[in-house]
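What you see is a predicted model, and the numbers here were worked out from it, not measured in a lab. So that the names make sense, note that chain A is the first sequence line, chain B the second, and so on, each numbered from 1.
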There are 2 protein chains.
Amino acid sequence: MKFFEKLENVKKCPVSYVLAVQDTLNAFHGKWKMPIIGTLLFGKKRFKEIEREISKITPRMLSQELKDLEVNGIVTRTVYNTTPVTVEYELTPSGRELHLVMESMITWGLQHRQTNIMESLPALNMGRRSA
Amino acid sequence: MKFFEKLENVKKCPVSYVLAVQDTLNAFHGKWKMPIIGTLLFGKKRFKEIEREISKITPRMLSQELKDLEVNGIVTRTVYNTTPVTVEYELTPSGRELHLVMESMITWGLQHRQTNIMESLPALNMGRRSA
DNA sequence: TATATCAGTATACTTTAGTATAGCGATATC
DNA sequence: GATATCGCTATACTAAAGTATACTGATATA
């Protein structure tokens with residue numbers, strides 16, 4: 001019944017898998033990368049556009065995280081020679097593929113809420129008589 | 001070509017999806033939850049067993065993270081009346097389902113390394129003549 | 001001349017996450 | 001009696017992550 005009970009499954013868990021998981025977690029690491037990737041899934045955007053769409057992010061964090069995503073091959077940064085300058089951020093093909101991971105997260109999250117959250121919220125039972 | 005280009009896809013992205021993704025990220029949040037969940041996928045374990053399997057984790061962190069996973073319905077904690085006391089940690093059904101998310105992470109991570117890492121490592125090109 | 005926009009950067013700070021080290025009470029072994 | 005094991009907790013600390021606020025230079029608009 002347990003997923004890794006059989007040795008054949010255990011063997012399917014080499015170091016490269018651990019690294020792969022770490023890379024993926026790294027892609028989403030921190031408070032802001034998920035919202036940034038999420039908004040870029042709707043199409044390429046300029047710096048100020050992203051800043052406006054993500055409530056409460058500071059330009060410092062946005063700049064830092066976009067750089068991080070860029071060096072990790074998840075977004076591209078393109079500068080256009082306009083006045084004022086235009087800078088566009090776009091997901092790479094690899095970045096776009098993250099939607100599959102996000103979908104598995106949505107699936108798990110929805111399931112988990114259905115089976116767990118309801119009965120574990122004491123607030124929902126506050127109306128009960130206790131005596 | 002863009003995944004969310006069509007309005008129908010945009011509509012499939014309600015608030016509950018955002019919450020679901022947040023819940024999932026929360027399940028893996030921090031340095032130690034992924035290794036803990038990973039080791040418990042191989043079967044239930046006692047506190048000291050997990051501590052021994054996860055190199056460098058301190059009992060403080062292990063205790064804290066196990067509590068966190070417990071209140072979030074990802075592991076169960078069972079105390080046996082032996083001497084000395086035995087405490088077993090086991091993934092809930094919901095916790096076990098996280099392997100699906102981990103698999104999508106493995107898939108993305110492996111793909112991403114193949115398409116991105118090779119050409120972006122300057123170290124690999126250090127042997128080239130530059131003049 | 002005053003103000004706004006673009007895409008950020010600089011400095012200083014607070015908050016959160018993680019580490020290091022020691023210790024608990026009960027029991028078992030040396 | 002000394003030491004080890006179980007499953008932790010307490011205290012104090014360092015490091016990482018995130019926030020707040022102000023500012024840049026070139027250009028456009030009021």
Start and end of the DNA chain D segment that chain A contacts, any atom under 4.0 Å from a heavy atom: D:dA17 to D:dA28
Nearest listed nucleotide, side chain of B:His29, among C:dA12, C:dA7, C:dA17: C:dA17
A:Ile36 side chain near A:Tyr89 side chain, heavy-atom distance below 4.5 Å: no
Gap between atoms CD and C1', on B:Glu51 and C:dA20 respectively (whole Å): 14 Å
Qualifying residue, where the test is side chain to side chain donor-acceptor pair (under 3.5 Å) with B:Lys33 and the options are B:Asp68, B:Asn72, B:Asn26: B:Asp68
Between C:dA7 (P) and A:Ile36 (CD1): distance, integer Å: 14 Å
By ring pair (Phe, Tyr, Trp, His ring centres under 6.0 Å) - contacts of B:Trp32 (at least two apart): none
Rounded interatomic separation in angstrom, taking CD from A:Glu88 and P from C:dC6: 14 Å
Value in whole Å for how far the P atom of C:dT19 lies from NZ of B:Lys56: 10 Å
Distance, rounded to the nearest Å, where A:Met61 contributes CE and C:dT15 contributes P: 16 Å
Polar pair under 3.5 Å, donor/acceptor by atom type, side chain B:Arg60, base C:dT19: yes
Length of the CD1-C1' vector between B:Ile54 and C:dG18, whole Å: 15 Å
A:Ser63 vs C:dT9: side-chain N/O to OP1/OP2 distance below 4.0 Å: yes
Touch class at under 4.0 angstrom, heavy-atom based, for A:Lys31 against every strand present: sugar-phosphate
Any A:Glu97 side-chain heavy atom under 4.5 Å of A:Leu100 side chain: yes
Flag side-chain contact, heavy atom, 4.5 Å: B:Pro59 against B:Glu51: yes
Side-chain N or O of A:Tyr80 closer than 4.0 Å to phosphate OP1/OP2 of C:dA7: no
Step-by-step side-chain hydrogen bond (donor to acceptor under 3.5 Å, both in side chains) determination, A:Thr76 to A:Glu90: CA-CA 5 Å; A:Thr76 55; A:Glu90 187 173 12; 4.6 Å; no
Separation of atom CG in A:Leu66 from atom C1' in C:dG8, rounded to whole Å: 11 Å
5' priority, DNA chain D, between B:Arg46 and B:Lys67 [closest heavy atom]: B:Arg46
Side-chain donor/acceptor of A:Lys45 to backbone N/O of A:Thr39, under 3.5 Å: yes
Gap between atoms CG and P, on B:Leu62 and C:dA17 respectively (whole Å): 17 Å
